Amino acid sequence: PVQSDDSLPASLGREDLRRLVDLEWKFGVTCASSESDKPVGKTFLQLKLVLDRKGDGTYENVYFELTLPQFYDFLAQMEKAKAALKQAAAWQHQAPPTQPDASSS
């Protein structure tokens with residue numbers, strides 16, 4: 001079920017995003033609606049996150065809907081996470097600093 005909410009689903013926490021396996025998205029524009037609260041021309045994104053919440057390879061799909069501004073905020077958070085992971089990987093591959101040899105002075 002797709003949720004129309006002002007935030008990410010309450011069941012989705014930061015720990016879950018650490019176990020993000022895949023993300024799928026669909027962009028949409030409302031052309032017509034029988035619901036009075038859904039204006040015509042409204043843009044939205046439907047997201048499907050594939051999570052490995054338990055870390056055991058059992059995947060769970062989480063579906064939700066975001067407005068365009070919410071999506072851009074979510075995208076910015078994902079870009080920050082990507083940069084942090086890239087930086088952490090770079091630190092892991094750096095050689096430890098060498099200590100000057102006391103006998104050579």
Side-chain angles (χ1 to χ4, degrees):
V2 175
Q3 296 179 352
S4 291
D5 194 2
D6 289 339
S7 62
L8 296 177
S11 63
L12 188 63
R14 287 184 183 263
E15 181 64 31
D16 294 321
L17 292 179
R18 291 187 189 124
R19 299 182 185 273
L20 179 64
V21 176
D22 194 14
L23 181 142
E24 295 178 19
W25 59 274
K26 294 179 186 179
F27 177 78
V29 178
T30 305
C31 296
S33 177
S34 61
E35 300 175 31
S36 61
D37 65 333
K38 296 242 181 187
V40 173
K42 174 190 166 209
T43 56
F44 60 91
L45 282 109
Q46 293 177 338
L47 296 173
K48 172 186 162 186
L49 304 180
V50 181
L51 306 173
D52 183 4
R53 287 191 182 196
K54 297 178 182 175
D56 63 359
T58 304
Y59 298 152
E60 177 183 348
N61 297 330
V62 177
Y63 299 90
F64 57 100
E65 188 172 296
L66 298 173
T67 64
L68 206 50
Q70 289 171 328
F71 174 73
Y72 283 128
D73 183 52
F74 179 74
L75 182 61
Q77 292 175 26
M78 292 292 103
E79 290 293 332
K80 286 179 186 177
K82 179 182 173 183
L85 288 172
K86 188 174 182 178
Q87 187 175 23
W91 286 341
Q92 278 186 330
H93 296 294
Q94 287 180 350
T98 58
Q99 296 291 328
D101 188 3
S103 63
S104 64
S105 326

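Since the structure is predicted, the reported quantities are computational estimates derived from the model, not experimental observations.
One distance of note links CD of Q46 with CZ of F64; it measures 11.0 Å at 0.5 Å rounding. A distance of 5.5 Å separates CG in L51 from CG in L49, rounded to the nearest 0.5 Å. Between atom OG1 of residue T67 and atom CZ of residue F74 there is a gap of 13.0 Å, rounded to the nearest 0.5 Å. Between L47 atom CG and N61 atom CG the span is 12.5 Å, to the nearest 0.5 Å. To the nearest 0.5 angstrom, L45 atom CG is 10.0 Å from Q70 atom CD.
Between the side chain of D22 and the backbone N or O of V50, no donor-acceptor pair lies under 3.5 Å. Q87 contributes no side-chain N or O that, together with a main-chain N or O of A84, makes up a donor-acceptor pair within less than 3.5 Å. The backbone N or O of Q77 sits nowhere less than 3.5 Å from a side-chain atom of D73 that would complete a donor-acceptor pair.
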Kindly indicate, with the supporting measurements, whether the criterion side-chain contact (heavy atoms from CB on, under 4.5 Å) is fulfilled by T43 and F27. CA-CA 7 Å; T43 56; F27 177 78; 4.0 Å; yes
Apply side-chain contact (heavy atoms from CB on, under 4.5 Å) to the pair F44 and L66, showing each step before the final yes or no. CA-CA 6 Å; F44 60 91; L66 298 173; over 6 Å; no
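D52 approaches R19 most closely through the heavy-atom pair O-CD, 2.7 Å.
Note on ring orientation: taking the six-membered ring where Trp is involved, the planes of F71 and W25 are tilted (angle from 30° to 60°).
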